[in-house]
Every structure is written in structure tokens, then in C-alpha cells.
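Notes for the one structure printed next.
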Number of protein chains: 2
Amino acid sequence: MASQRGEGETTATPLEPADRERARAIPEAAVARLAVYLRVLSGMADQGVTAVSSEELSQAAGVNAAKLRKDLSYIGSYGTRGVGYDVEVLVSHIERILGLTRNHSVAVVGIGNLGHALANYGGFPGRGFPVTALFDVDPDLIGVPVGGIPVSHIDDITAVCLEREVSIGVIATPPPAAQSVCDRLVSAGVQCILNFAPVVLQVPDNVEVRKVDLAVEMQILSFHVARRADEAAHVSVGNNGLGVDGMVIRP
Amino acid sequence: MASQRGEGETTATPLEPADRERARAIPEAAVARLAVYLRVLSGMADQGVTAVSSEELSQAAGVNAAKLRKDLSYIGSYGTRGVGYDVEVLVSHIERILGLTRNHSVAVVGIGNLGHALANYGGFPGRGFPVTALFDVDPDLIGVPVGGIPVSHIDDITAVCLEREVSIGVIATPPPAAQSVCDRLVSAGVQCILNFAPVVLQVPDNVEVRKVDLAVEMQILSFHVARRADEAAHVSVGNNGLGVDGMVIRP
DNA sequence: CCGACTTTGTGCATGCGTTCACAAGCGGTA
DNA sequence: TACCGCTTGTGAACGCATGCACAAAGTCGG
């Protein structure tokens with residue numbers, strides 16, 4: 001990856017003007033898929049695969065081949081017609097577009113069950129996201145190392161975040177604390193937040209929030225269960241008047 | 001799946017024919033938002049609020065008011081013009097559409113850090129999703145109760161899932177095990193899967209999978225960090241020739 | 001060197017989701 | 001009862017994303 005342009009290059013790779021325009025134009029949905037392609041490609045590279053066609057890659061990523069090619073075209077033309085894509089080349093270009101050539105220091109707030117799990121994830125999946133700070137309010141936790149990092153008190157959040165240049169904050173607190181934690185992160189200069197608390201966060205425009213909401217996910221699945229069950233019931237009604245699990249459906 | 005529950009139904013509410021057609025037509029994106037509205041409404045109900053306008057609710061849920069009204073219109077017309085919506089009425093209708101009047105037994109596979117966190121979540125956020133089975137391969141874990149449920153061996157997955165009428169399977173295993181676990185869940189009749197493993201699962205058409213992918217979420221945030229930083233650099237170039245963190249940008 | 005075959009990259013059409021804007025409907029008031 | 005102000009519900013326009021289908025461009029065999 002990466003790219004030693006200039007002289008004192010460390011981690012960050014500046015984008016060429018052409019890339020910059022492209023990055024602006026990439027649809028959000030495509031960005032999410034690029035991350036998936038990247039993982040699949042990394043797996044392939046580990047197994048010694050050097051070239052791949054859009055057809056193969058799309059199957060492995062679980063998407064339409066045309067969609068995959070369009071997604072890749074957003075970041076440039078790095079394939080060879082008649083052949084396919086070079087795995088390494090693709091990996092490095094996706095990493096560059098996703099900003100993975102730069103390190104993103106992560107802070108986890110709320111060291112409960114979930115916070116523990118996150119802190120122990122070990123440098124976070126797909127490295128490049130070192131967890132450098134942990135916060136909680138529980139006095140018994142302060143100073144205790146979790147996953148190698150000692151827990152700081154939440155009141156120190158601003159100082160610690162600034163000092164360790166935290167660029168991504170992860171909220172894993174109970175719901176009532178989430179908004180207040182969020183506000184503190186924002187005032188500490190954190191502009192990207194991953195929220196696990198089942199709360200709709202209010203943030204200024206310049207802050208990006210993504211939420212992972214278990215309750216919502218479960219309820220979406222529940223919706224599909226219900227829909228399926230109901231369709232089945234609808235079909236079976238007229239046969240025996242009974243739904244899928246013996247439930248009586250009114251005529 | 002499923003089956004033999006007797007006659008006198010306990011929890012499930014069958015949908016009226018009109019509702020059934022509606023349920024089919026609700027866009028996936030709207031379903032996700034309905035779950036959010038439900039949570040906000042529940043919170044309001046707990047605080048004694050009995051009526052709410054689309055404007056208030058949409059603000060609390062962080063969406064456009066028009067979108068909220070359209071989302072609600074998918075499930076029927078339960079508002080009063082000139083007044084707003086009755087909180088309780090709305091709650092019960094959303095619950096019905098999302099299938100929350102029925103209980104969804106949940107199985108968690110992979111009792112590592114994340115699995116522990118999930119099992120201890122305590123009946124899962126927004127009750128209605130009792131965790132009734134836990135699975136792992138580690139002999140030291142088998143039989144040990146986590147969050148009140150003893151861990152079963154993964155080889156017993158089919159029998160246990162059938163017996164406990166599991167309708168939602170949660171995969172929290174290491175990546176290499178995920179597909180195999182998924183296959184076993186499917187053959188045990190589980191039709192809805194929530195996947196935390198960073199793997200693209202291959203499933204038959206009749207199975208619904210939702211994935212929660214931390215790496216992808218982080219990378220999407222990373223993309224935004226990079227885009228922001230790059231825009232900032234682009235602006236500052238021409239001023240002092242330096243990017244955001246003192247990085248040299250070529251002229 | 002040429003022609004056949006393969007696979008990319010993309011213009012275009014289609015469909016879905018979001019947003020706007022307004023008529024319809026309801027409660028309150030005189 | 002008739003009017004007025006407020007809020008819902010929704011038709012219609014718009015914009016984004018997906019999928020199709022094909023020309024462009026490359027490789028490989030002869």
C-alpha cells in the first residue's frame with residue numbers, strides 16, 4: 001500500500017486531484033460495499049490469489065457483477081479487459097480511497113459487556129484502527145487495563161482525546177448517558193462516532209454518526225418473520241384454516 | 001420451523017387482510033425507521049406523553065417530517081388531522097406490523113467476548129426477544145450458564161433449536177466458523193440470522209440475513225475522515241502549501 | 001500479424017426512495 | 001352551524017441507485 005510520494009511520508013497518502021473528485025462522488029452505499037470487497041480481496045491475497053474477475057469477486061462478495069464493476073469504476077479503472085483485476089493493486093487502491101493508509105485512533109466509551117468486547121477485539125478488525133483510549137464512570141474500573149489500555153475517567157475525555165488524537169469515538173454506554181458522552185466527544189474534536197446505544201444522537205452537521213442498533217436489527221428480522229408467517233398462513237388458509245403454527249386465521 | 005402450539009393463541013396477533021397487503025409493500029428502509037419511531041414513542045409513553053405531532057416525533061427520531069408521515073402511512077392512517085397521533089395507538093400498531101406481538105426465541109452462537117455481551121444483554125433490548133439457547137465449541141464453556149442460560153455444544157444445534165423453537169440465530173463466532181454455523185442454523189429451520197462475523201454468508205433464498213460489520217462501519221467512518229481531511233487540505237493548499245497535519249501537498 | 005474470445009467500463013433505462021406541496025379533514029370557537 | 005387554523009395523508013416530481021446490454025480494449029492461439 002501506501003506510497004511514498006514526497007519525502008517525509010509517514011502514513012497518510014494525499015489523494016490526487018482526480019481521486020479527490022471521485023471520492024466526493026462515491027455513493028455512500030458503494031463505500032460500504034468497497035469495504036466488503038476489500039475484505040474479500042485481502043482474504044484472496046492471503047491465499048496467494050493474484051488475479052480475479054468481476055464475476056468471481058462479485059460472487060464472493062454476494063453482489064451483482066455489474067454493480068461491483070460500477071463500484072470499482074468510482075475509484076478508477078484498474079482492471080485489465082479480457083483478464084480481470086490484479087488483487088494487490090485493487091487492495092491498495094481501495095485502501096487508499098477508504099483512507100486506511102492513515103491510522104485512526106479509536107476511543108471506546110462505556111466499558112460494560114460490550115465495551116469490554118470491543119476493547120478486546122484486538123486492534124479492531126482489519127487493522128488500522130488502534131484503540132488508544134477507554135472511558136467509564138465506574139471508579140472500580142478507572143486505571144484497570146482492558147485489552148492493554150487502562151480505563152480513564154470520562155471527565156478526562158477532552159484532554160485524553162486531544163492528546164491521543166482520537167479520530168473515532170465509539171459509544172457503548174447505557175442509553176441515558178449516550179447523548180452527554182456524544183456531546184463531550186464532539187467538544188473534544190471527535191468528528192466521527194460509532195454509536196451502539198439505542199438512542200438517536202443529536203450532533204452538529206460536521207460530525208458523522210453511524211449507529212449499530214441491535215434492537216432495530218432484531219425488529220427488522222421480526223418483521224420478516226411475521227411477514228413470512230403471515231404469507232404462509234394466507235396460503236394455508238382455505239386449505240385447513242390454520243396458520244403456520246396452528247394459529248387460527250379468521251376466514 | 002415451528003409448530004405445534006395449541007389452539008388458544010397466546011401472543012401472536014394475526015394481521016387483517018388490508019394490513020397484510022400493506023406489510024408486503026413497506027420498503028425495507030421504512031421498516032428500519034419504524035423500529036426507531038417505536039423506541040422514541042415508547043420513551044414518550046413512559047414519560048406520560050399521550051399525543052405527538054409528526055413534527056415533534058420526526059425531530060426526536062432525527063428524520064424529515066414528511067418522510068415520517070409517509071412511513072406511518074404505510075401501516076395505515078392512525079393520526080388525527082389538526083391534532084397529531086395518539087402515542088399508545090401508534091405504539092401498538094407499529095408493534096403489530098413489526099411482529100412484536102409474537103415472541104421471537106433467539107439463539108446466540110459463539111460465546112466469546114461478544115457472545116457474552118449479547119447473552120447478558122438481558123432479554124435483548126426492547127423485550128420480545130428472549131435468548132433461549134447459547135452454543136459454543138469450547139468444552140470448558142459447555143454447561144456453564146451465561147446470563148442464566150447454560151451453553152450447549154454446537155453439535156446439538158439442530159435438536160436444541162427445534163426444541164426451543166428458535167426463530168432468530170445470532171452468529172458471534174470467529175470468521176472461519178461462521179459459514180458452517182450458518183449452514184447448521186439453516187438446516188435447523190432458522191430463517192432469520194443476525195451475523196456479527198466479518199464474512200459474507202451464502203444462504204438459500206428463504207433465509208433472511210442481516211449483518212452487523214464493525215470493520216465495515218469503521219472503514220466507512222475512515223472514508224469520511226479522509227474525505228474531510230482531504231477537503232481541508234485542498235482548501236489550505238494555495239494558502240500555505242500544507243495539508244491538515246503539516247503534510248506537504250504537491251503544487 | 002490477425003482474428004476470436006474474454007472481460008472491463010459505462011451510457012441508458014428502470015425502479016425505488018425521498019421530498020415537496022397541497023387538498024382533505026378535524027377540533028375549537030363564535 | 002359556519003368559519004378558521006392546524007396537521008395529516010398523499011399525488012407528483014425529483015434524484016439516487018441498481019441492472020442491462022454493449023462497445024472498447026485487452027489476451028491468446030495460430
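Scope of the values below: all heavy atoms of this structure, side chains included, with no hydrogens, waters or symmetry mates. The sequence lines fix the lettering, A, B, ..., with proteins before strands; numbering per chain opens at 1.
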Between C1' on C/dT10 and CG on A/Leu68, what's the gap in Å once rounded to a whole number? 14 Å
Using a cut-off of strictly less than 4.0 Å, decide whether B/Tyr74 has a side-chain nitrogen or oxygen near OP1 or OP2 of C/dC16. no
Bounds of contact between DNA chain D and chain B, in 5' to 3' order, using a heavy-atom cut-off under 4.0 Å: D/dC6 to D/dA12
Heavy-atom closest pair (B/Val190 atom, B/Val207 atom, distance to 0.1 Å) is O-CG2, 4.2 Å
With sequence neighbours excluded, give me every salt bridge (Lys or Arg N to Asp or Glu O under 4.0 Å) pair touching residues 197-207 of chain A. none
Distances under 3.5 Å between protein N/O atoms and the N/O atoms of nucleotides 24-30 of chain C, please, pair by pair.
residue: C/dA24; atom: N3; partner: B/Arg81; partner atom: NH1; Å: 2.8

Closest approach of A/Phe223 and B/Val31, non-hydrogen atoms and distance? CE2-CG2, 3.7 Å
B/Ser53: side-chain hydrogen bond (donor to acceptor under 3.5 Å, both in side chains) partners, not counting sequence neighbours: B/Glu56
Pairing residues for A/Glu217 by the salt bridge (charged side-chain N to carboxylate O under 4.0 Å, His left out) criterion, not counting sequence neighbours: B/Arg210
Sequence neighbours left out, what passes side-chain hydrogen bond (donor to acceptor under 3.5 Å, both in side chains) with B/Thr50? Give chain and number order. none
By nearest atom, which of the nucleotides C/dT10, C/dT18, C/dA21 is closest to the B/Arg69 side chain? C/dA21
Mind listing the residues from residues 53-63 of chain B sitting with a heavy atom below 4.0 Å of DNA chain D? Number order is fine. B/Ser53, B/Ser54
Could you list the residues that satisfy salt bridge (charged side-chain N to carboxylate O under 4.0 Å, His left out) with A/Arg69, not counting sequence neighbours? none
Please enumerate all residues that pass ring pair (Phe, Tyr, Trp, His ring centres under 6.0 Å) together with A/His224, with sequence neighbours excluded. none
Grab the CG-C1' distance between A/Leu90 and C/dT7 for me, whole Å please. 14 Å
For residues 171-186 of chain A, which side-chain donor-acceptor pairs fall under 3.5 Å, sequence neighbours excluded?
residue: A/Gln179; atom: OE1; partner: A/Gln202; partner atom: N; Å: 2.9
residue: A/Gln179; atom: NE2; partner: A/Asp183; partner atom: OD1; Å: 2.9
residue: A/Gln179; atom: NE2; partner: A/Gln202; partner atom: O; Å: 3.1
residue: A/Arg184; atom: NH1; partner: A/Ile154; partner atom: O; Å: 3.4
residue: A/Arg184; atom: NH1; partner: A/Asp155; partner atom: OD1; Å: 2.9

Per-pair distances, 0.1 Å, donor-acceptor, side chain in residues 80-92 of chain B, under 3.5 Å, sequence neighbours excluded:
residue: B/Asp86; atom: OD1; partner: B/Glu88; partner atom: N; Å: 3.0
residue: B/Asp86; atom: OD1; partner: B/Val89; partner atom: N; Å: 3.0
residue: B/Ser92; atom: OG; partner: B/Val89; partner atom: O; Å: 3.0

Consider the side chain of B/Asn64, meaning its heavy atoms from C-beta on, and name the nucleotide among C/dC20, C/dT8, C/dT10 that approaches it most closely. C/dC20
Gap between atoms NZ and P, on A/Lys67 and C/dT8 respectively (whole Å): 17 Å
Result for 5'-nearest mapping on DNA chain D, choosing between A/Ala66 and A/Glu28, is A/Glu28
Side chain to side chain contact (heavy atoms under 4.5 Å, CB included) involving B/Asp46 - partner list, sequence neighbours excluded: none
